[in-house]
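Remarks on the structure that follows.
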Amino acid sequence: MALLNNEQVASQIGDFVENAVGKSLSRPHRKPPVLGPKPRKNTWYRVPIEKGLSGDGSEYHIYVSKGTSDKLCIILSGGGVAWNDFTAARPVTGGRVAAGLPNYYWNNLRPFTQIMNIHIGITDKRNPLNPFSDWNFVVITYSTGDFHVGQGAMSYVDEEGKDATLHFHGYENFRESMKVAKKLFPNPSQILLAGNSAGAFAVPALAPDVKEDFYPDCQSITLFSDSGQLLYADWAKTARDLWHAKEEIVAPLCSDNITLDWYRDLYRRYGDAFQYLYGSSIRDYLLSTYYNDMAHKTYGTNSEVQEIFYQQLCTMVKELKELNPHFTMYLYNMTIPGITQGGTVHTALKELYFTTMKSDGVTMAKWLHDATEGNLYDVGLSLLDSEH
C-alpha cells in the first residue's frame, strides 16, 4: 500500500473538514428556510433564483433578511476569479486549500459556502456590536469566477482529464437577484452597495444597474469595495473574450487596474451621485498570491510580492483620491499567525473581526456606518504615509 505524502494527507484532511461542516450546515435547524409569503424580521432566508446558475451548472440561490429599518444593504459576495483555462480547471475545495495547491474560485453553492455569506461580519444580525443589525439585507452570492459580470461559458479539461464547462453567469445572477431585492424592498431610504474580494471589484461595474434600473429614486447610495486590487495586463481581453461581459462593462478597461478603471468610468458618468468608499489591508496575503500567479506563474506569496502589493496600493489610493478627493479610505494591517504568511488579512467586511478589528482606533463597522450617515473620514492612511 503506497504511503501518502504530506500534500495528499493535508488534502484529505481539508476535504474531510469541509464535508463535515457542510453536512452539519445541511441539517434543517442550521439551514435557512426558503423565503415564504410572510417572512419574519431579522431572520435569514434562502431565495432560489429560477434563472440563476452556478459555475458548474448547479443551482443558484441568494440570502435575504428583513430588518426593522427602511435601509437596504446589498452585498456582492466574493469567491475568487478564473481568468484562463488553467484557473478554470482549479476551483476551490477544502482539500486544495489545506494542501496549498492552486485554487482560484468557488464554482458552486455547496452547504459550506453558507458560512461565507450570512451570520458573519456585517451580516451577523445577532451581534450587538454590529451597527447594521437593523438593516434589510440582500446577499448576492457568487460562484461563477467572473466578478459578477459574465454572460457566457467556456469548455475546459479538468485535472482528471474530463471535459467540463464553466458557466460565467454572474451578470444574469445579479440581475435576477436585484429583481428579488426590488420586490422585497421597493423604496429604501438608503442603500449600501458593498462587496468583498471578487464582489469588491464588481461594485463600481454594477452600481449603474442598481442606480438606473432598480432604485432610480434613492438619493442616498453608498458604495464600498473591500479588497479589490489585482493588477493584470489582460483584464479587457478576459472580460470580453472569456467572461463575455457586456460592452458597457468592458469598454472602460484600459489599464492593468480593473477596479480603478471601473471607478473612473463610474465617476465620469455619475459624479457625486454616490458616496465612494474603499478598503484594503496593506499587504493582502491572498491577493498578492493571485498577483504573483498572474505576473510570475507562481502560486504563493512572500515578503517580496507583498511589498509589491503594498506599493501598488499606495499608487491606487493616490489615484482614487485624485479621481475624487472625497473618496474615503479604510486601510488596515491585521495579521493572523499561520494564515497570512507574513502578510495581512484578506478582507474584513464579512469576517468575525468586522466589529472588533481597529485601525487608528476605529473599527470598520463604525467607520462604514458613520459613512452611510454622511460622516466621512479616512482611517489608516498613516499606514501608507509612515512606510511609503
Side-chain angles (χ1 to χ4, degrees), residues 76 78 81 83 147 149 193-207 222-236 238-239 249 252-268 270 274-296 301 303-334 340 343-349 359-360 364 367-368 371 376-388:
L76 298 173
V81 59
W83 63 88
F147 288 168
V149 301
L193 176 63
N196 62 308
S197 194
F201 296 85
V203 166
L206 300 178
T222 298
L223 309 179
F224 177 43
S225 293
D226 178 22
S227 306
Q229 175 184 285
L230 186 56
L231 274 58
Y232 178 52
D234 291 328
W235 279 129
T238 297
I249 287 176
L253 303 181
C254 58
S255 76
D256 59 359
N257 192 328
I258 189 172
T259 313
L260 184 60
D261 284 345
W262 276 335
Y263 269 117
R264 280 175 172 156
D265 183 64
L266 186 67
Y267 191 71
R268 177 187 63 81
Y270 294 93
F274 301 103
Q275 288 190 144
Y276 300 87
L277 312 178
Y278 186 79
S280 178
S281 74
I282 62 172
R283 288 182 168 84
D284 187 316
Y285 84 98
L286 185 58
L287 287 180
S288 63
T289 295
Y290 277 30
Y291 171 77
N292 201 20
D293 193 292
M294 287 176 157
H296 307 116
T301 189
S303 59
E304 182 178 350
V305 74
Q306 290 159 11
E307 177 63 19
I308 293 172
F309 179 91
Y310 169 78
Q311 297 296 337
Q312 292 170 340
L313 179 63
C314 291
T315 300
M316 184 171 185
V317 169
K318 179 182 177 182
E319 292 184 326
L320 288 173
K321 285 287 191 181
E322 289 176 349
L323 172 66
N324 176 6
H326 301 296
F327 216 120
T328 306
M329 306 290 162
Y330 188 96
L331 306 179
Y332 48 104
N333 64 347
M334 180 177 174
T340 51
T344 54
V345 296
H346 173 59
T347 80
L349 181 70
S359 186
D360 288 347
M364 178 180 280
W367 168 83
L368 183 56
L376 300 172
Y377 53 90
D378 292 317
V379 170
L381 288 185
S382 61
L383 294 172
L384 304 186
D385 295 340
S386 64
E387 301 183 40
H388 190 45

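Computed over heavy atoms, backbone and side chain alike; hydrogens, waters and symmetry mates excluded. Along the sequence shown, residues are numbered consecutively beginning with 1.
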- Task: Hey, can you tell me if Tyr330 and Trp367 have their rings parallel, tilted or perpendicular (30° and 60° cut-offs)?
- Result: tilted
- Which of parallel (below 30°), tilted (30 to 60°) and perpendicular (above 60°) describes Tyr276 and Phe327? tilted
Name all residues meeting the ring-ring contact (aromatic ring centres under 6.0 Å, His included) criterion together with [X]; count only those two or more places apart in sequence or in a different chain, and write none if there are none.
| X | answer |
| --- | --- |
| Tyr278 | none |
| Tyr291 | none |
| Tyr285 | none |

Side chain to side chain, [X] and [Y], heavy atoms closer than 4.5 Å:
| X | Y | value |
| --- | --- | --- |
| Leu223 | Pro204 | no |
| Ile258 | Tyr232 | no |
| Ser359 | Asn333 | no |

- Message: Between Asp256 and Met294, is the side chain to side chain contact (heavy atoms under 4.5 Å, CB included) condition met? List the steps.
- Response: CA-CA 11 Å; Asp256 59 359; Met294 287 176 157; over 6 Å; no
Main chain of [Y], side chain of [X]: is a donor-acceptor contact present, judged purely on distance under 3.5 Å?
| X | Y | value |
| --- | --- | --- |
| Ser255 | Asn257 | yes |
| Ser281 | Val345 | yes |
| Gln275 | Ala371 | yes |

In chain order, what residues pass the side-chain hydrogen bond (donor to acceptor under 3.5 Å, both in side chains) check against [X], with sequence neighbours excluded?
| X | value |
| --- | --- |
| Asn196 | none |
| Tyr290 | none |
| Gln229 | none |

- Item | Test side chain to side chain contact (heavy atoms under 4.5 Å, CB included) applied to Thr347 and Leu286, step by step | CA-CA 10 Å; Thr347 80; Leu286 185 58; over 6 Å; no
- Task: Output, in order, the C-alpha distance, side-chain angles, deciding distance and verdict of side chain to side chain contact (heavy atoms under 4.5 Å, CB included) for Trp262 and Leu253.
- Result: CA-CA 7 Å; Trp262 276 335; Leu253 303 181; 3.6 Å; yes
- Thr340, Asp284, Thr301, Thr289 screened by side-chain hydrogen bond (donor to acceptor under 3.5 Å, both in side chains) with Gln306, the one that passes: Thr301
- Message: Please determine whether side chain to side chain contact (heavy atoms under 4.5 Å, CB included) holds for the pair Cys254 and Asp261, giving the CA-CA distance in whole Å, both sets of side-chain angles, and the decisive distance to 0.1 Å.
- Response: CA-CA 7 Å; Cys254 58; Asp261 284 345; 3.9 Å; yes
- Can you tell me how far CG of Leu277 sits from CG of Leu320, rounded to the nearest 0.5 angstrom? 11.0 Å
- Message: Are Phe147 and Trp235, when compared by the centres of their aromatic rings, separated by less than 6.0 Å?
- Response: yes
